[in-house]
Amino acid sequence: MQTIVLPRDGARTEADLDPTLDLWSEIERLRREKNAVILAHYYQDGEIQDLADFVGDSLDLSRKAASTDADVIAFCGVRFMAEVAKILSPRKTVLLPDAEAGCSLEDACQPEDFRRFREEHPDHIAVTYINCSAEVKTLSDVIVTSSNAEHIIRQLPADKPILFAPDRHLGAYLARQTGREMTLWPGACVVHDRFSERELTKLMVHHPRARVAAHPECPDGILKHADYVGSTHYILEYVLKDPAEEFIIATERHIIHQMEKAAPGKTFIPAPGADGGCSCADCPYMELNTLEKLYLCLVNAAPRVEIPDDVRLRALRPLERMMEMSPPVVQAAVQAAE
Ligand code: 13P
Ligand code: SF4
């Protein structure tokens, strides 16, 4: 199901942009004119993070989207995040700078395949990671993010078997943490799946005092070396609080922008991929969004998220369940969506 409306024929494109245009002040003007709020994920380019009204993880951003009184949300992140903003804030215009900004986890879990998976396991509770399409959400019992998943799974009836989709590494990590048996969907994130254990251990030898912080989308070979495992929000909190001065960061490298701003005296090293470099730590979907495309989406009011009401309401249910079952700090986003 297509949830993105593209710019109409004749809309302005990058080819029409005057290279001398001051994008920062133009975006500022449009933000005021349209009563827009700019939300950015930690994986966006530093320039976008710096001009955003709010930077956060997928859940923080949804809560922000639901609570803002802006008319327009320019969502600098990926499609599933913009869809969640629209599901929670149906009366707002939700823009995504690049319509192709998807996610390998979403791609790996097509709704028809997921429907069959559920039919093959009729007694299971379907716990689905927020990194999936709106349509897959409609087929799920409860949605989780990496910051609330463990807390939610611990509340599920002990006698009920669990299906976890679409990230197999996050699912395996949660199964280990909670002791729950889970049937896992075989998806993975293209960024976290590429970190190399061999190269990481070499790096650790060169930086013996560095702490390792990893996102639970990483394979176990990486997580077992981590001093801390958590969502982007919690990794950021960890490196700021921990007294160590050097950290190896096993998640998408653009989060280091916030770390360096908040703790300029500390050193942050991106975890390496198989070639020993760190190019693997760039999300190819997040990097599609640029300042030019952010400006153009505000001018054209597109690409824009539109979700049919029946789909939106069915996807809202497992998201509401997530909010009800989340720790207090992550409740409250859904009220505005009713
Ligand atoms: P969080 O920011 O919720 O930790 O998610 C990471 C991610 O991969 C988002 O796409
Ligand atoms: Fe998806 Fe991975 Fe990119 Fe996050 S970092 S949007 S999980 S591909």
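Counting convention: from 1, in listed order, for ligands and their atoms alike. Since we're looking at a predicted model, the values are computed, not measured. Residues take their numbers from the sequence shown, with the count starting at 1.
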**Asked** For ligand 1, which atoms have a heavy atom of Tyr43 less than 4.0 angstrom away?
**Response** 6 (C), 7 (C), 8 (O), 9 (C)
**Message:** I'd like to know: is atom 2 (Fe) of ligand 2 within the 2.8 Å range of an N/O/S atom from Cys189, strictly under that distance?
**Reply:** yes
**Message:** To check your reading of the model: name the closest protein heavy atom to atom 3 (Fe) of ligand 2, its residue, and the distance in Å.
**Reply:** Cys283 SG, 2.4 Å
**Prompt:** Applying a strict 4.0 Å limit to heavy atoms, is Glu217 in contact with ligand 2?
**Reply:** yes
**Asked** Should the proximity of Glu217 to ligand 1, defined as any heavy atom under 4.0 Å, be assigned to the side chain, the backbone, both, or neither?
**Response** side chain
**Request:** Using a 4.0 Å heavy-atom threshold (strictly under), name the region of His41 that reaches ligand 1: side chain, backbone, both or neither.
**Result:** side chain
**Message:** Grouping I, L, V, M, F, W and Y whenever their side-chain heavy atoms are under 4.5 Å apart, do Tyr285 and Val136 come out in a common cluster?
**Reply:** no
**Request:** Specify side chain, backbone, both or neither for Asp57, according to which of its non-hydrogen atoms lie closer than 4.0 Å to ligand 1.
**Result:** both
**Message:** Checking contacts here: is it the side chain or the backbone of Asn131 that comes within 4.0 Å of ligand 1, counting heavy atoms only? Could be both or neither.
**Reply:** side chain
**Item:** Ligand-residue contact atoms, ligand 2 with Asn131, heavy atoms, under 4.0 Å
**Value:** 7 (S)
**Message:** Residue-level breakdown please: for Ser146 versus ligand 1, do any non-hydrogen atoms fall below 4.0 Å on the side chain, on the backbone, on both, or on neither?
**Reply:** side chain
**Prompt:** Do the ring centers of Phe117 and Trp185 come within less than 6.0 Å of each other?
**Reply:** yes
**Request:** Report yes if some heavy atom in the side chain of Glu28 is under 4.5 Å from a heavy atom in the side chain of Arg31; otherwise report no.
**Result:** yes
**For Leu105, atoms of ligand 2 separated by under 4.0 Å from a heavy atom** = 7 (S)
**Asked** Looking at Met81, which atoms of ligand 1 are within less than 4.0 Å of one of its heavy atoms?
**Response** 9 (C), 10 (O)
**Message:** Does any N or O of ligand 1 fall below 3.5 Å from an N or O anywhere on Ser231, backbone included?
**Reply:** no
**Request:** Please could you name the atoms of ligand 2 that Tyr285 approaches to less than 4.0 Å, counting only its heavy atoms?
**Result:** 8 (S)
